[in-house]
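Okay, so here's the structure we're looking at.
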Amino acid sequence: GESVGLHLPTLSVQEGDNSIINCAYSNSASDYFIWYKQESGKGPQFIIDIRSNMDKRQGQRVTVLLNKTVKHLSLQIAATQPGDSAVYFCAENPYNQGGKLIFGQGTELSVKP
Amino acid sequence: DTAVSQTPKYLVTQMGNDKSIKCEQNLGHDTMYWYKQDSKKFLKIMFSYNNKELIINETVPNRFSPKSPDKAHLNLHINSLELGDSAVYFCASSRGRGSSYEQYFGPGTRLTVT
């Protein structure tokens, strides 16, 4: 069946270190991938996205890497800050399915000061 | 200037009751969604509407009935509530209904069925 899974349910890093959150997806028809950040008591918030014709995209302190060969997605956060503590979800958007997002289970990132 | 709003934020009710959750977006988007987040934080799509037309229905029990009076609103009505309906329900909207459209999420409604 369709699934997007994350390798690590929790990740603890020291403030200032870089964080890497990984994700595996299974739907070859997906052509758009998104990382969301969800803080406690709030809705998911868009961080960065990448289309299937790209393998890397950079934002402010964040980079998303896409490896279609092994169906792997990662989110890199540079110089992690306490405000980055949240649950991070990857999501895939299969082509021609009306915008449906398939979410992974999430990785909880904890940043130690 | 809230983009996607939901009411209520918390809802506690007993099994067997009927309840509704409301969602409104002021972004001028054409497409709206309902997602359910369970106790393990797994998010799964339930419904999607585009310009008041249902386009996604993900094998949700027919006790759940979405209603879109206009493209800025998508409400969720739940009949005969069950314990397993306890979850956080998120509304979202996007400019279009295809892939590659960013979805904006509301703050969620935490439903507790006792």
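Letters go in sequence order (proteins before strands), and every chain restarts at 1. FYI, side chains are in, hydrogens and waters are out, and symmetry mates aren't considered; it's all heavy atoms of this structure. Bear in mind that the values here come from a model prediction, so they are computed numbers and not experimental data.
- Side-chain atoms of A/Tyr32 and B/Glu102 form no donor-acceptor pair, as typed in the model, at a separation below 3.5 Å.
- Neither the backbone nor the side chain of B/Gln6 comes within less than 4.5 Å of any heavy atom in chain A.
- Crowding of A/Gln14 atom CD: a count of heavy atoms from other residues, nucleotides or ligands under 6.0 Å exceeding 12.
- Side-chain rings of A/His72 and A/Tyr25 stay apart, their centers remaining 6.0 Å or farther from each other.
- In terms of heavy-atom pairs under 4.5 Å with chain A, the best-connected choice from B/Thr31, B/Val88, B/Ile45 is B/Ile45.
- At a 4.5 Å heavy-atom cutoff, the contact between B/Lys9 and chain A is made by side-chain atoms alone.
- By the ring-ring contact (aromatic ring centres under 6.0 Å, His included) test, B/Phe90 pairs with no residue at all, sequence neighbours left out.
- Heavy-atom distances place the side chain of B/Ser48, and not its backbone, under 4.5 Å from chain A.
- Looking at heavy atoms from C-beta onward, B/Leu74 lies in side-chain contact with B/Pro66 at the 4.5 angstrom threshold.
- Annotation for A/Gln105 and B/Phe42: closest pair CA-CD1, 4.1 Å, computed over non-hydrogen atoms.
- Contacts of A/Ile34 with chain B are absent, with no heavy-atom separation under 4.5 Å from either backbone or side chain.
- Contact annotation for B/Tyr35: only side-chain heavy atoms (C-beta onward) come within less than 4.5 Å of a heavy atom of chain A.
- If you measure heavy-atom distances from A/Tyr36 to chain B, the contacts under 4.5 Å come from the side chain alone.
- For A/Ser19, the side chain to side chain contact (heavy atoms under 4.5 Å, CB included) partners two or more places apart in sequence, or in a different chain, are A/Leu11, A/Val13, A/Ile77, A/Thr80, A/Leu109.
- Using a 4.5 Å cut-off between heavy atoms, A/Gln38 touches chain B through its side chain atoms alone.
- At a 4.5 Å heavy-atom cutoff, the contact between B/Leu43 and chain A is made by backbone and side-chain atoms alike.
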